Amino acid sequence: MAAVLTPRGWLTRHDPGLVALRKALRVTVAACVGFFVCQYVVGLSTLATYAVFGTIAFGVLSEVSGPPAQRTRTYLGAWPVALVLVAIGTATARSTPAAVVGMLVVGFAVAYAGVGGPRIAGVANGLQLFYVLPCFPPYDPASLPERLIGLTIGIGLVAAADRLLWPAGAPEPFRTRLADAVDALAHYVTGLPAEGPREAAEAAVQSLRASGLPPAIRPTGPGRRDRAFTHATGELRTMLVRARLLAGMLPDLGDSAPRVAADAVLAAVGDTLARCSAALRGTGQAPECGPLVAGVADYLEGRVERLAGRLTGDELPPVVRVGGLTAAVGDAAIGIVFAVRAATGAPTDPTAEPPVSAWYLDMPTALLWWRRLAAHFTPRSVYFQNAVRLALGLAAARLAADLLDLSHGFWVLLATLSLMRTSAVASELALIPAFLGTLAGALVAAGVLSVIGDDTVVYAVVLPIAMVVTFAAGPLFGPAAAQFGFTIVVSVLFAQLAPTTWKLAEVRLADVVIGGVIGALIGAAVWPRGGAGEVRRSAALCLRSAADDLVATVRGLTGTAAREQAPPGQYRLRPDPARRVAVLFDITYAQYRSEPAHNQARHDWQEVLAVVQRAGSDAEVLRDRYPAPEPLPWPAVSRRLIAAAEDVARAFREAAASLPEAAAPPDRHLVERLDADPPRAPFGDHPHAALRVIDAWGWMHGLALDLARAERAAHSQ
């Protein structure tokens, strides 16, 4: 016999931890206290309107999460911005052109500000409402003080309720996940070549992907801490790839001196990573990497002696790549140390110079923000696309509300704001349920208004019940339930502000339909595919950028090209192109995974991102290891290295060309070509120069393997 669920059991099944219900209760208490006091005690309708919508904006339309203190800081930080937006909206209500242009500018600016990280992105929709609400007639600048006070009351109440009434739990912080991944890598690296811990390490690193993280904890902000988290994540990914390659080569060394030296470096890396994990968890001091830097430097200096006897012919045996890979694992650990120190607020490590990958450490915060804003100010950024799409939708809705002379025109913009998604497919999926929900809600609201009439006492009793049900049902059951309940809520709410008939429900239905259709039309015309349409172009751009960087790096290693450097003490205002496009790709992929795209399961874009990140990270390591190399003593070897680099780069560009149209990858045998014609020379005569050849050749060989794997993943069906 099937078990009969009680109401509490049903609710627990659909709302684990009663998260949605508790949030609905918090917002309802805050909204009703603000509205009832301002409307019935103070007797000021404008004050009551802004108090209740201030609560709804930050309690319903926004996503404020994190630890309690951080949530409070978010509310307090958004408050002055909301005051400014209300003032601008009040001023532009004087004329339709001013209001429409203001909506276009404010809509874009507020939405684009989401590049500042999840805390800003989470309150962006709520902030939009603070311009939408006052930008409609009547033009009444004298009411501005009352509006600002009401808004302050609403924000203060929702912030207080968040801390005092059934406070929400904080999601697992990113630094905890990062500490787990660091632990897993430490266990794997120190146990090489054993394969047992590899799966745990791969799973831990995979859990740091932005696409798999709750939006609230994604380290996407422009500040030093978030950049440090991103830096550490990238170093862990490249370390994992290098460790996998090492696992296949170490057994060939046996118990030789090179194996003993490599094991010593790997042990030091494991110890350093353990210290980093302790610092991230708050159980240990921030590590210093001076000993590891010295150890890696000694290891690199000793490579020449350890290579003696292995460079007797004119070919490079594959096992000599172990030295470069081992040093690269050490370099990645050094980068992690600097990143962890920055993430935990520790001062820059005085025992070593920061690596090139830690370029952000001494950069002013304002410049970090400028770089982030400039990096995404391009049609190739989904942040830019979303901001343009939303701004056009809201501006069109504001114009339509005036041209159609809608009495509650801001409902049109509210519908556009709440129903517009990042792709036309997602908007379409939300639109029909929202319309049906609004229709059902309008019918119920019309009946309620007809029966109750002007009895405000009944409306005051119904309002909190309707709010709790609506605010809880929306997150659980989607746009149909949200629009159904919200139609009833606004009808009951406005019935207390002014005499109302059943026609208010009809107006609400018309406004939602108009706003939803406008949003859908704009969404279908402006980057309609969202992240799903951009991810291929972004991946192709990354591959082409990696190809250019590859050729330039190999030319530098052969001593045939000078390395471009920024003047000491100066910063480049434009980000490194390879790093910039990789960041765009990562953000695009995260949005792509959040969209109901039909072909998401067909392509594993993470493999493409991984090969691009490894190419960039290894290029930085090699340029830093050989900052000003002299020309190689073997011109034929230089030509072979450059030819191989161009061959690998050509493969990257061909892979990029095959992505936008989803064409099949070209049939290539890149790895076989590299193996068939390695560089040949009497390497034993110049072992120091041979090291550059070994590292460059090994890097390109690894990239060829990575590219083959990424192409198979990207084109898998």
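Model, not experiment: these values are computed from the prediction.
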Do [X] and [Y] make a side-chain contact, defined as non-hydrogen atoms from C-beta onward lying under 4.5 Å apart?
X	Y	answer
V512	L414	no
W166	R26	yes
D162	F58	no
F174	T233	yes
V27	M467	no
P134	F410	no
E63	N125	no
T152	L83	yes

Are the side chain of [X] and the backbone N or O of [Y] linked by a donor-acceptor pair below 3.5 Å?
X	Y	value
Q128	L417	no
T230	D226	yes
S143	D140	yes
R227	P222	yes
S62	V64	no
T438	L509	no
Q39	Q496	yes
R71	R163	no

field: More than 12 heavy atoms of other groups within 6.0 Å of W79 CH2
entry: no
Determine the minimum heavy-atom distance between [X] and [Y], stating which atoms define it.
X	Y	result
D511	A415	O-CB, 4.3 Å
A472	A24	N-CB, 3.5 Å
A228	Y360	CA-OH, 3.3 Å
F130	G54	CE2-CA, 3.8 Å
G59	V158	CA-CG2, 4.1 Å
P141	T90	CA-CG2, 3.9 Å

Once rounded to the nearest 0.5 Å, what's the spacing between atom [atom1] of [X] and atom [atom2] of [Y]?
X	Y	atom1	atom2	answer
T96	L403	OG1	CG	7.5 Å
T470	I56	OG1	CD1	10.0 Å
Y50	L144	OH	CG	8.5 Å
L367	R372	CG	CZ	12.5 Å
T28	I465	OG1	CD1	10.5 Å
E146	L151	CD	CG	12.5 Å

query: Which of these, T92, L104, V100, sits in a side-chain contact (heavy atoms from CB on, under 4.5 Å) with R398?
result: V100
message: For C38, run the side-chain contact (heavy atoms from CB on, under 4.5 Å) check against V52, I149, L47, L44 and tell me which one passes.
response: L47
field: Residues L85, L127; criterion side-chain contact (heavy atoms from CB on, under 4.5 Å); working and verdict
entry: CA-CA 8 Å; L85 293 176; L127 289 173; 4.0 Å; yes
message: For a quick check under 3.5 Å, do T46 and R147 share a side-chain donor-acceptor pair by atom type?
response: no
message: Testing the 3.5 Å rule here: is there a donor-acceptor pair between the side chains of S538 and R380?
response: no
- request: Determine, stepwise, if the pair K23 / F471 fulfils side-chain contact (heavy atoms from CB on, under 4.5 Å).
  value: CA-CA 8 Å; K23 180 178 180 180; F471 299 156; over 6 Å; no
- request: With side-chain contact (heavy atoms from CB on, under 4.5 Å) as the test, would you mind laying out the steps for T365 and W370 before giving the verdict?
  value: CA-CA 9 Å; T365 301; W370 169 254; over 6 Å; no
task: For L436 and I432, run side-chain contact (heavy atoms from CB on, under 4.5 Å): C-alpha distance rounded to whole Å, both residues' side-chain angles, the deciding distance at 0.1 Å, then the answer.
output: CA-CA 6 Å; L436 294 176; I432 300 303; 4.1 Å; yes
- request: Verify ring pair (Phe, Tyr, Trp, His ring centres under 6.0 Å) between F35 and F53, making sure each step is shown before the conclusion.
  value: CA-CA 9 Å; F35 179 76; F53 276 101; 9.4 Å; no
Going by atom type alone, with no hydrogens or angles, which donor-acceptor pairs under 3.5 Å involve a side-chain atom of residues 475-495 and a protein atom two or more places apart or on another chain?
{"from": "Q483", "atom 1": "OE1", "to": "R508", "atom 2": "NH2", "distance (Å)": "2.9"}
{"from": "T487", "atom 1": "OG1", "to": "Q483", "atom 2": "O", "distance (Å)": "2.7"}
{"from": "T487", "atom 1": "OG1", "to": "R508", "atom 2": "NE", "distance (Å)": "3.2"}
{"from": "S491", "atom 1": "OG", "to": "T487", "atom 2": "O", "distance (Å)": "2.7"}

query: Partners of R119 by side chain to side chain contact (heavy atoms under 4.5 Å, CB included), sequence neighbours excluded?
result: Q70, R73, T74
Can you give me every donor-acceptor pair (side chain of residues 109-116, partner residue at least two apart or in another chain, under 3.5 Å) with its distance?
{"from": "Y112", "atom 1": "OH", "to": "L373", "atom 2": "O", "distance (Å)": "2.5"}
{"from": "Y112", "atom 1": "OH", "to": "H376", "atom 2": "O", "distance (Å)": "3.4"}
{"from": "Y112", "atom 1": "OH", "to": "F377", "atom 2": "N", "distance (Å)": "2.9"}

